[in-house]
Every structure is written in structure tokens, then in C-alpha cells.
Amino acid sequence: MCGIIGYLSTEPGVSKKIIHNLKKLEYRGYDSSGICLLKNTKFFLKKSVGEIQNLEQKLKFDDNCTLGIAHTRWATHGKVSLKNTHPHLSQDKSWAVVHNGIIENYLELKSYLESHGITLSSETDTEIIPNLMATYDNADNIEKLKQVTCMLRGSYAICLLHKGEQAIYVARRHSPLYIAQNKTSCMVSSDPVTFGEDFDSYYALPDDCLAKVDLKDILVYDSNLNKINIRPCEIGSFEKSAELGKYNYYAEKEISEIPKVVEEILLNYNTVDHFKKINKEFMKNIKKIKLIGCGTAYHACLMGAKYIQKDAQIEAQAEIASEFRYSNPLIDQETLCIFLSQSGETADTLLSLELAKNMGAKTIAIVNVPYSSIARQADIVLPLCAGMEVAVMSTKAYNAMLTVLKLLSQHFRWLDGKPKNVDFSKLKKVNYFKSIDQIDEISDLVLKHEKIFFIGRAEDYVTALEAGLKLKEITYINCVSIPSGELKHGTLSLVDQKSLVFVIATDPDLVAKNLSSASEIKARGGKIVLVTNLDVKSCEDIDYLYKFDETEQALSSLLSVIPFQVLSYKTCVKLGFSPDKPRNLAKSVTVE
Ligand code: F6R
């Protein structure tokens with residue numbers, strides 16, 4: 001989603017630095033970009049729609065500026081257009097702003113500005129911010145920023161320049177913003193992955209705080225303008241790890257990293273006692289567990305709930321974060337809420353965490369990005385150790401989530417006095433990509449059929465959901481994921497000769513039931529691909545048998561999803577689409 005860069009340097013030519021760093025935010029998704037440089041008390045503005053290189057083309061000159069701000073926009077208020085692209089200036093051209101988030105009361109504030117003779121030129125909620133700054137005539141700019149942020153409702157990370165100063169003003173609420181400084185420059189960014197080359201450490205601006213950043217100082221204030229001290233965070237390997245290497249796409253690279261990631265998690269959790277705080281005392285009185293997330297992370301929640309109920313026999317339910325918040329949840333001190341998020345910034349998940357904490361629940365966050373807001377706010381953090389994930393389609397992070405959830409469910413079991421009953425060492429012998437060459441043929445089958453279905457029971461149903469989400473999001477092919485047992489309660493009426501149905505079967509106790517669902521489909525003319533690791537004899541109802549590697553039953557959900565991740569990737573490339581940047585989607589969804 002939207003990205004922010006602000007840069008102040010002792011050296012002129014700052015636009016190159018800014019564009020270089022703005023490109024590091026491309027992976028988050030955007031549809032237009034813009035830059036504002038301060039040149040002798042005048043703002044110099046360039047914007048473009050589409051790729052950042054279009055913006056770069058417009059900057060083919062040596063600028064002598066030392067200060068600028070820039071933005072990648074993912075449209076929310078107002079269509080994709082130059083007019084709506086950030087940065088935005090105040091009508092009197094004294095302030096420039098870039099903004100991530102949504103100002104919910106912008107219509108109200110727009111009327112207020114109009115009553116003061118100010119006409120906005122874009123359809124965005126952002127343009128009100130520099131104009132509000134310009135309407136205050138207090139002497140101190142940080143005081144103005146405080147007054148303006150008090151008027152804003154919603155979420156924001158904002159970065160402002162004033163025409164008369166070599167300084168960057170920033171503020172945030174529910175949207176991340178980071179600051180870094182060295183001897184010759186300082187930089188503001190919405191994502192610390194941008195800092196790796198030039199800085200050794202950075203500061204995370206706390207929620208509801210403001211700051212003035214210049215070459216001498218980083219002055220941070222709380223919402224009452226009390227000065228506060230914040231501690232720097234070291235830049236670690238995570239922030240530096242986003243090289244594409246020999247791969248064509250990040251999606252391809254990240255799927256191929258799954259075995260390494262699983263191994264890394266097992267090693268890391270063996271070496272560091274991440275479960276130390278999840279002890280008998282912590283779990284005392286816990287009556288139920290809620291697992292909360294969005295999209296792929298929600299699917300991991302569904303799987304985790306199944307693991308926990310089965311392994312530890314504690315009541316566990318998965319919740320979609322955007323629904324959880326409006327479901328009048330029945331949670332209290334006897335509830336443990338586990339939040340799953342790759343980015344650790346998903347707005348609905350973050351706001352659900354805040355709600356759960358306010359209601360007294362205990363909280364655990366399972367996140368990949370170590371410095372993220374969700375990681376900072378939960379009682380306990382379990383790291384995913386997956387390294388940076390760039391492709392919008394979450395693949396290695398999903399497998400990492402399942403691995404950590406399986407370790408956690410085993411830990412709960414052990415706390416309850418029962419011996420652990422999963423042998424993770426079996427994963428060492430597994431070929432995660434066995435039979436993967438067949439996926440090309442299966443992808444051709446997908447392209448020949450008009451209707452695609454994914455069915456399964458229990459854990460395999462969750463895999464069916466995730467398989468469907470992967471296919472939809474990067475190939476734009478419409479498909480249906482449904483529990484096998486629900487087929488004949490409605491969806492079977494869709495099945496005909498134009499249908500291709502993936503039947504996922506990894507549970508020996510349920511395989512007969514899955515095969516009878518396959519027969520129901522066959523009888524209606526549908527084609528069947530059976531995806532299994534069991535020793536199923538191919539029968540006449542199965543058109544295509546895909547066998548992935550066998551492992552312990554308890555670990556098979558870690559492997560069963562991989563053929564579908566590869567299927568979506570291959571089909572997407574065949575169709576000529578970008579697997580890394582699907583249309584309309586963003587990697588980090590920082591607005592509700
Ligand atoms: C799908 C996908 C999304 C994310 C969802 C939550 O491939 O990536 O569905 O899973 O937006 O994101 P995180 O995990 O960052 O909270």
C-alpha cells in the first residue's frame with residue numbers, strides 16, 4: 001500500500017536518493033508516485049501515474065536540492081490520476097505533504113477549509129492537511145502540527161515540509177513511520193527495509209506522536225507536546241534481505257525458500273526458548289483461544305485452530321480480523337487471542353489486537369516483520385523467521401505460520417502434561433517439491449476449464465481455501481473453495497462438463513468420503529484432479545492423480561498447499577500477468 005520517503009542531506013542531488021529508496025517500496029503495491037523537492041523556499045513538484053520509472057524519466061536533470069519528500073500512492077479517496085497523486089501542497093504553497101492512511105472526517109474538514117476561502121484541487125482526503133497547517137498562524141510549526149493532528153480522525157502517517165525550513169515534520173496514528181539519521185543525512189520512511197544501505201539504526205515513531213527531524217536532531221513529542229525519548233532499533237538481516245538473485249520473480253523465489261524457512265524455524269525455536277513466557281502461569285484460567293488475521297493469515301488461523309483443538313484440546317476458533325471487530329466478541333482475561341500477520345501492519349488485525357487488549361485478553365502475535373506495530377504491541381511475540389517476503393501472494397509466510405502454529409499446539413499439549421506427538425525431524429527427509437513437474441500439465445487443464453473448484457475436509461478444506469485464494473489473486477480466475485461435505489447442499493448445481501475439481505485428501509480416515517465426493521462430481525461431468533500424499537489407487541473417477549511426498553499425517557498440511565502455490569504462479573506466468581504485483585492488491589494493507 002502507500003509508501004513514504006523523506007530525505008534531508010548535506011549533499012545536493014537528493015532526488016536520486018529519494019527515487020532509489022522509493023523503488024524499495026514498490027513491492028507494497030501502488031498505482032502512482034510523486035516527489036516534492038524544496039528549492040530556495042519554493043516547492044518543485046513532479047508526479048506520474050504507473051511505474052516509478054515514469055516519475056524518474058521526469059527527473060532527468062541534476063537537482064541541487066538537499067530536501068524532499070515522495071510517495072507511492074495506492075488509491076483510496078479519488079481515482080488514480082496526477083491530480084490525486086501525492087505530494088499535495090497547501091493553496092498558499094507554504095506546506096507540502098505525503099500521507100498514508102485515511103482521514104475519516106475529511107469532508108467535514110474540507111467544508112471548514114472552504115468556509116475559509118480554500119478550494120481543494122484534488123479528490124483526496126490528504127490535501128486538507130497542508131491547508132489546515134497553512135490556516136494556523138502560531139509561530140511554532142510543531143504546535144501547528146499538534147493542533148492539526150488533533151482535528152484528524154482516522155489513521156495517518158504524515159510527512160510535511162515547510163517552505164522556509166530545512167526540516168521534516170512527521171506524525172502518525174495507526175500507520176507506521178520510521179526515522180533514521182547519520183552524520184550527513186536523515187531519512188523518514190514508512191518501511192525500515194529502505195534504511196539498510198545508509199544507516200545502522202532507526203527509530204520507530206510511537207503511535208500518536210509527532211516529530212521534527214533535521215540534520216542536528218530528531219525531536220519527538222507525544223500528543224500533548226511533551227518531549228519523549230525513544231530507543232533506536234538496530235538494522236538487522238531482515239531489513240537487508242530482499243535480493244531477487246537468480247529468480248525471475250519474488251513469488252518463485254519465495255516458494256522455493258519454503259524448505260529452508262521451515263528448517264530455520266525448527267532450528268531457531270530449538271535454540272531460543274520463544275515459548276518461555278507461555279508457561280503454566282500464563283495459560284492458567286485460559287478457557288478458549290481465538291486466532292485472528294486476514295486473507296492468507298486468516299487461513300493459517302483456521303489451520304491453527306484445528307491443530308490446537310486436536311493436539312491440546314483447548315477450544316480454539318479462527319476469526320477474520322475485519323469481522324471480529326464488529327462481532328461484539330465475548331473475550332476477557334480467560335481468553336487468549338493469537339494474532340497472525342506476515343507484515344505485522346494489517347490495519348484490521350492491529351485494531352483487533354488493541355480491542356482484545358482493552359477487553360483484558362492475553363495476546364500473542366505470530367509475525368514475520370520483527371519491527372512491526374503488531375509485534376510491538378502484543379504481550380508475547382513468536383517470530384516467523386521467514387525473511388523478507390516481497391511478492392503480494394503470501395507463500396513462505398503461510399508455511400512458516402503453519403510450522404509455528406504446529407510447534408505452539410505441541411507446546412500447549414506439553415503444558416497440559418501430555419507428551420508431544422509430532423516428530424518434526426521427519427521434515428528433514430521430505431521432498432517439498434516432489435512431482436512438481438506435473439504442475440505444468442495441470443495448469444493447462446486449469447486454463448481449459450471455465451469453472452474451477454477446490455474441495456477437501458477438515459485440514460484439507462483449509463488448504464482448499466488457500467489454494468483458491470492463491471489462484472484468484474494472481475491469475476484473476478474465478479474459483480470456488482468448499483468443504484467436500486457441503487457440495488451437495490448447493491454448489492454441486494454448478495458442476496458440469498466445464499468444471500475442473502481439485503479434491504484434496506491427506507487424512508486416511510477421510511479419504512473414502514473424499515472419493516465419494518469425487519464420484520458425485522464425475523457423475524455430473526466434472527473432471528477430477530486428486531491431490532494426495534496417501535497411497536490411493538487411481539480409480540476411474542479420478543482424471544488426474546497428483547501425489548506429493550509422504551510425511552507424518554500431522555505435518556501434511558505443510559506440504560499439501562505447495563502444489564497449489566506453484567500452480568497459481570505457473571498459471572499466472574502463462575497468462576502473462578505479474579505474479580509479484582497483482583492488480584488492485586497491496587502487500588501491506590495499512591487501511592481498514
Ligand atoms: C494473500 C495475502 C493477503 C494477506 C493479508 C494479511 O496472498 O497476502 O491475503 O495474507 O492481507 O496480511 P498480513 O499477513 O501481512 O497481515
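Model, not experiment: these values are computed from the prediction. All ligand and atom numbering here is 1-based and tracks the order in the structure. In this chain, residues are counted from 1 in sequence order.
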Any non-hydrogen atom of Val392 lying under 4.0 Å from ligand 1?
yes

The single option from Lys448, Lys570, Lys574 passing side chain to side chain donor-acceptor pair (under 3.5 Å) against Ser443
Lys574

Suppose I only count heavy atoms of Met393 and a 4.0 Å limit; which atoms of ligand 1 are within that range?
7 (O)

One thing to verify: whether Asp207 and Arg173 come together as a salt bridge, which I'm taking to mean a side-chain N less than 4.0 angstrom from a carboxylate O.
no

Show me which atoms of ligand 1 lie under 4.0 Å from any heavy atom of Glu473.
1 (C), 7 (O)

Consider every N or O of Ser343 and every N or O of ligand 1, then say whether any pair is closer than 3.5 Å.
yes

Subset of ligand 1 atoms that lie under 4.0 Å from at least one heavy atom of Ser341
13 (P), 14 (O), 15 (O), 16 (O)

In ligand 1, the atoms that come under 4.0 Å of a heavy atom of Gln342 are 13 (P), 14 (O), 15 (O), 16 (O)

Mind checking what makes ring pair (Phe, Tyr, Trp, His ring centres under 6.0 Å) contact with Tyr106, not counting sequence neighbours?
His77

Report yes if Gly344 has an N/O atom closer than 3.5 Å to an N/O atom of ligand 1; otherwise report no.
no

Ala297 neighbourhood, listing ligand 1 atoms whose heavy-atom distance to it stays under 4.0 Å
10 (O), 14 (O)

Determine, for Lys246 against Glu252, whether the closest basic-nitrogen to carboxylate-oxygen distance falls under 4.0 angstrom.
no

Whether Cys294 lies under 4.0 Å from ligand 1, heavy atom:
yes

Could you tell me if any non-hydrogen atom of Lys470 lies under 4.0 Å from any atom of ligand 1?
yes

Salt-bridged, Lys406 to Asp311, with N to O below 4.0 Å?
yes

Minimum-distance protein heavy atom relative to atom 12 (O) of ligand 1:
Thr346 OG1, 3.4 Å

Ligand 1 and Thr296, any nitrogen or oxygen pair closer than 3.5 angstrom?
yes

Looking at Tyr203, does the NZ or CZ of Arg231 lie under 6.0 angstrom from its six-membered ring centre and within 45 degrees of the ring axis?
no

Honestly, for Glu345 the part within reach of ligand 1 (heavy atoms, under 4.0 Å) is neither

Can you see whether Phe282 has Lys362 sitting over its ring - NZ or CZ less than 6.0 Å from the centre and within 45° of the normal?
yes

Could you name each residue pair satisfying salt bridge (charged side-chain N to carboxylate O under 4.0 Å, His left out) that touches residues 334-347, not counting sequence neighbours?
Lys287-Glu334

Thr296: which of Lys470, Glu473, Gln342 passes side chain to side chain donor-acceptor pair (under 3.5 Å)
Lys470

Against heavy atoms of Ser394, which atoms of ligand 1 measure under 4.0 Å?
7 (O), 8 (O)

In this structure, atom 11 (O) of ligand 1 is nearest to the protein heavy atom Val589 CG2, 4.0 Å

Indicate yes or no: does Lys396 engage Glu257 in a salt bridge with an N to O separation below 4.0 Å.
yes

